[in-house]
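Just so you know, residue 1 is the first one in the sequence shown, and it goes up from there. Counting starts at 1 for both ligands and their atoms, in listed order.
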Amino acid sequence: MTPTTNPEPASVAAADDAGPAPALEPVPEPEDVRRFATERGILVLAHSYQEGFLQECAHFVGDSLELARKAAEADAEAICFCGVHFMAETAKLLSPEAEVFVPDLDAGCSLADSCRAEDLAAYQAHLERKLGVRPTTVAYVNCSAAVKALSDVICTSGNARRIVEALPDDRPILFVPDRHLGGWLQEVTGRELILWNGACSVHELFSVDTLKELQAAHPGAITISHPECPKPVRDASDHVLGTAGMLALVKETRGATFIVGTEGNMLYRFRKEAPWNEYVAAPGASCACNLCPFMQLNTPEKLWRALHERAPRVDVPEELAAPARRALERMLELS
Ligand code: 13P
Ligand code: SF4
């Protein structure tokens, strides 16, 4: 599938010739924000869960896998990453020469936070003692660089099934940190996985009852949900797909109504790139909007400031970077 692509910096070498930064306020139109970045050799990447304005500012919008690939191949001098912290870390790991910075350093991820590296190391040691063999650790990309460094291979929602299917069956597999995505992987691959007990606070709150009410109100609608959703929501869906898979499906479908079980900003991309369908956002049990509070910390003002200051920076200590990069590169080879 083709991710959203806006013209990229023609040459990163232009960075020093760009002249003094203009006044910070007000934030100009997205094309002008992008031009400002381009002139300074900054590649702006945005995840599809970012608000529409930020998506429009970006040179490239994608899912976790597309953004990782883009960071690896970009050869950029600087990357401003509109997403959450683990995504910027991934970009830094795959593009180590680039300065990587973000609009808001506090934009974390509840799922990544549910797996601390020291807890994972202790659990791996426990499993090795108990099973007599060290399990293969597969980490969903939504985790810290320290957790990636303890893992054998990384996966995203877009390639998780392929990665698990590609692993030899001579060793048990420990899957971290999302128990819902892991549960779904067990169902679709038939492989037995040892699951870490983590979850995304946004996707976990989708309610199957409200989903069924929406389905009754929209007969004939196609329900799509993210594999980070709990099993009852997945089971009530027509398709379980990562964000890139969802986008591909809506683009190839005409005149349908989709009930969407993922972060609310995804609908911005759907409406922009497949306006011939109707989209209804599935609300969560306690939040009517299903916006990720971490993604929402990034704002146009913070992006504009970050582009001027080339900060706050995201760096990964070298002792973590080498093993984490190996696990990411193994993912890119396998997918
Ligand atoms: P994908 O883009 O991999 O589907 O990511 C979902 C997500 O929750 C990212 O935080
Ligand atoms: Fe993390 Fe969930 Fe937000 Fe994705 S949607 S960044 S998994 S909290």
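For H47, the heavy-atom gap to ligand 1 drops under 4.0 angstrom. Distances shorter than 4.0 angstrom occur between a heavy atom of E228 and an atom of ligand 2.
Considering backbone and side-chain N/O of H203, none are found under 3.5 Å from N/O of ligand 1. Among the atoms of T156, none of the N or O lies under 3.5 angstrom from an N or O of ligand 1.
Considering only non-hydrogen protein atoms, atom 7 (C) of ligand 1 sits nearest to Y49 CE1, 3.4 Å.
Interface atoms of ligand 2 facing N142, defined by a heavy-atom separation under 4.0 Å, are 4 (Fe), 7 (S). Those atoms of ligand 2 that come under 4.0 Å of a heavy atom in C292, given as number and element, are 3 (Fe), 5 (S), 6 (S), 8 (S). Close approach to S110 involves these atoms of ligand 2, each under 4.0 Å from a residue heavy atom: 8 (S). Ligand 2 places these atoms under 4.0 Å from at least one heavy atom of C200: 2 (Fe), 5 (S), 7 (S), 8 (S). For ligand 1 and H226, the ligand atoms under 4.0 Å from any heavy atom of the residue are 1 (P), 4 (O), 5 (O), 6 (C). Which parts of ligand 1 touch E228 is read off a 4.0 Å heavy-atom cut-off, strictly below it: atoms 6 (C), 7 (C), 8 (O).
For Y49 against N265, the heavy-atom pair with the smallest separation is O-ND2, 3.0 Å.
Among C109, S157, C155, the residue whose heavy atom sits closest to atom 4 (O) of ligand 1 is S157.
Using a 4.0 Å cut-off between heavy atoms, N142 contacts ligand 1 through its side chain alone, with no backbone atom that close.
No donor-acceptor distance shorter than 3.5 angstrom exists from the side chain of S95 to the backbone of A91, with no hydrogens or angles considered. In this structure, Q50 contributes its side chain and M295 its backbone to a donor-acceptor pair below 3.5 Å. Proximity of a side-chain donor or acceptor of S335 to a complementary backbone N or O of N159 within less than 3.5 Å is not detected.
Using a 4.5 Å cut-off on side-chain heavy atoms (C-beta onward), L127 and Y123 make contact.
The aromatic ring centroids of H180 and W184 lie 6.0 Å or more from each other.
The local environment of CD in E165 is crowded, with over 12 non-hydrogen atoms from other residues, nucleotides or ligands closer than 6.0 Å.
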